[in-house]
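Okay, structure first, notes after.
Numbering of residues begins at 1 and proceeds along the displayed sequence. Keep in mind that the numbers below use all heavy atoms, side chains included, and drop hydrogens, waters and symmetry copies.
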Amino acid sequence: MLNMKKYINNIDMKRQSILLIAMMMSIVASAQESIEQLFRSLDTRGDKTLLSKNHYEDNIDNPTTFCRYEEIMMTKKAFGKLEDEFVKTFTNEKDAYKLYRMTQDAPRTFKSSLSVPYGTQNEYSVTFGSHSDHNYLVALFYDKAKTDKRHAYALVWYNKGDNVIILHYHIYGNDPTKVSNTRVITYDGKQIIDNNGYVITGLKDLEPTINNDLDFMKRFGTLRASFVSTGVDKTLVLYGLVVKIAELCKNHGKLLTDNERATCDKSLLELIKNNSLGDPYIAGMLEEARIALKK
């Protein structure tokens, strides 16, 4: 009889444990449900046009970090009161440990932009708040199952003629306050910079357009200044810079006047001479840039 009672008690305890786990999972699952539902409703609308879509993840089957992004467009009439719904949905998320808001109808409580990193080493980042005519909402949530991870949900929208452009992001990755960063790459306008502000590298369609000699000199000056101000401990950044310098000289050196060519050559010689690392790769790429200018 005692064994039967013990058996029943064990069953009750297991049921209670299962119920508790189920309740906890329900809480975790519903923490960002309203924002995710908002995103799904945007995706299923028939009055929108999909402009671009990009899903990055480090592992298809079991990603440890990802960035899911979509850009859509709809008419101002179709957009209607969506702005109010955006603000209400984000501001009502009580589980968010941080809410970043920069909207046209609200006081500018945030004067600086917000960068949200992702990637296996937080090597990528999306920056919010860099355009004064855009609206931004970003909500950050801790991952309760993995204490070193977090979720970031973001909405960006702005007027373009008779239409409204809307971008929405779901970014998941390391919590930068708990996982040390090596380098954060930020896509900011037409340039790609790292977290120290150095222009280093980029995708071809994001590179500044070089149409004439003045464009060349501005680009060359930016790269040179970045090289000079980069510390010797940031070898990877220096490698990226010399590649961009050599690429610029090879692709657009013919735009320069003789005097501009001489100025750039003198600057390249100075960079080679002051290469405190003594790195043959850096010196070699800078020499390649000099050779390209002479052709």
Can N259 and T257 be said to form a side chain to side chain donor-acceptor pair (under 3.5 Å), step by step? CA-CA 5 Å; N259 186 57; T257 65; 5.4 Å; no
If hydrophobic clusters are built from ILVMFWY residues whose side chains come within less than 4.5 Å, do L269 and L293 share one? no
Is the shortest heavy-atom distance from the side chain of L268 to the side chain of I245 under 4.5 Å? yes
R150 side chain vs F141 backbone, donor-acceptor pair below 3.5 Å: no
Minimum heavy-atom distance F39-A154, with the two atoms named: CZ-O, 3.6 Å
Could you tell me whether the side chain of F128 reaches within less than 4.5 Å of the side chain of V116, counting heavy atoms only? yes
Decide whether L99 and F86 are clustered together by the hydrophobic rule: side chain heavy atoms of Ile, Leu, Val, Met, Phe, Trp, Tyr closer than 4.5 Å, transitively. yes
Using only atom types and a distance under 3.5 Å, with no angle test, would you say the side chain of N174 pairs donor to acceptor with the backbone of P176? no
Would you say the side-chain atoms of H168 and D43 include a donor-acceptor pair closer than 3.5 Å? yes
With sequence neighbours left out, write down each residue that passes salt bridge (charged side-chain N to carboxylate O under 4.0 Å, His left out) with R290, or none if nothing qualifies. D265, E287
Nearest 0.5 Å, what's the NE2-CG distance between H252 and N211? 9.0 Å
What is the distance from atom CG of D95 to atom CD of Q32, rounded to the nearest 0.5 Å? 7.5 Å
Might you point out which heavy atoms bring L140 and A152 nearest each other, and give the distance in Å? CD2-CB, 3.4 Å
Any cation-pi pair here, K178 with Y142, using under 6.0 Å and within 45°? yes
Without swapping roles, check the side chain of S113 against the backbone of G129 for a donor-acceptor pair under 3.5 Å. no
Looking at side-chain heavy atoms only, is the closest gap between I165 and L51 below 4.5 Å? yes
CD1-CG distance between I210 and N251, expressed to the nearest 0.5 angstrom: 9.5 Å
Kindly indicate, with the supporting measurements, whether the criterion side-chain contact (heavy atoms from CB on, under 4.5 Å) is fulfilled by T49 and M74. CA-CA 6 Å; T49 301; M74 62 179 65; over 6 Å; no
Minimum-distance pair of heavy atoms, taken over all atoms of G253 and R261: O-NH1, 3.2 Å
Keeping the roles fixed (side chain from R68, backbone from I171), state whether a donor-acceptor pair exists under 3.5 Å. no
Considering residues, nucleotides and ligands other than D258, do more than 12 of their heavy atoms fall under 6.0 Å from its CG? no
Pairing donors with acceptors under 3.5 angstrom, does anything connect the side chains of T75 and N163? no
T103 OG1 to L155 CG distance, which is reported to the nearest 0.5 Å: 12.0 Å
Can you find a heavy atom in the side chain of V243 that is under 4.5 Å from one in the side chain of Y281? yes
Check: T64 main-chain N/O paired with D58 side-chain donor or acceptor under 3.5 Å: yes
When every non-hydrogen atom of C67 is compared with those of Y169, the smallest separation belongs to SG-CD2, 4.3 Å
With a 3.5 Å cut-off and no angle check, do the side chains of S34 and E93 form a donor-acceptor pair? yes
Side-chain contact, heavy-atom cut-off 4.5 Å: Q37 with L42? no
side-chain contact (heavy atoms from CB on, under 4.5 Å) between E85 and L38: does it pass, once the steps are laid out? CA-CA 9 Å; E85 185 178 347; L38 174 61; 3.5 Å; yes
Do R224 and F220 meet the cation-pi criteria used here (NZ or CZ under 6.0 Å from the six-membered ring centre, within 45° of the axis)? no
Just how far is it from atom CD of E70 to atom NZ of K48, taken to the nearest 0.5 Å? 7.5 Å
Atom NZ of residue position K76 - does it have more than 12 heavy atoms of other residues, nucleotides or ligands inside 6.0 Å? yes
Kindly indicate, with the supporting measurements, whether the criterion side-chain contact (heavy atoms from CB on, under 4.5 Å) is fulfilled by D213 and K254. CA-CA 9 Å; D213 57 331; K254 294 180 180 179; over 6 Å; no
Over all atoms of both residues, closest heavy-atom pair of A139 and A96: CB-CB, 4.2 Å
Will you find, in the side chains of T127 and S115, an N or O donor that is under 3.5 Å from an N or O acceptor? yes
Would you kindly confirm whether L223 and I282 end up in one hydrophobic cluster when ILVMFWY residues are joined by side chain heavy atoms under 4.5 Å apart? yes
Might you work through the side-chain contact (heavy atoms from CB on, under 4.5 Å) test for D148 and D175, ending with a clear yes or no? CA-CA 5 Å; D148 60 341; D175 183 342; 5.6 Å; no
Is the ring pair H170/F66 parallel, tilted or perpendicular, if the boundaries are 30 and 60 degrees? perpendicular
Count I, L, V, M, F, W, Y as connected when their side-chain heavy atoms are under 4.5 Å apart, and connections chain through other members. Are Y172 and I60 then in the same cluster? no
Neighbour count above 12 (heavy atom, 6.0 Å) for K294 NZ: yes
Do other residues, nucleotides or ligands put more than 12 heavy atoms under 6.0 Å from D162 CG? no
Validation row: F79, W157 side chains within 4.5 angstrom (heavy atoms): yes
Under 4.5 Å between any side-chain heavy atoms of K273 and E270, yes or no? no
Just so I know, are the side chains of L137 and T89 near enough to count as touching, which here means a heavy-atom distance under 4.5 Å? no
Among residues at least two apart in sequence or on other chains, which ones pass ring-ring contact (aromatic ring centres under 6.0 Å, His included) with Y158? H134
Hey, would you say the Y56 and Y69 ring centroids sit under 6.0 Å apart? no
For Y118 and V126, work out which heavy atoms get closest and say how close. CE2-CG2, 3.9 Å
How far does CD of E260 sit from CG of L214, to the nearest 0.5 angstrom? 6.5 Å
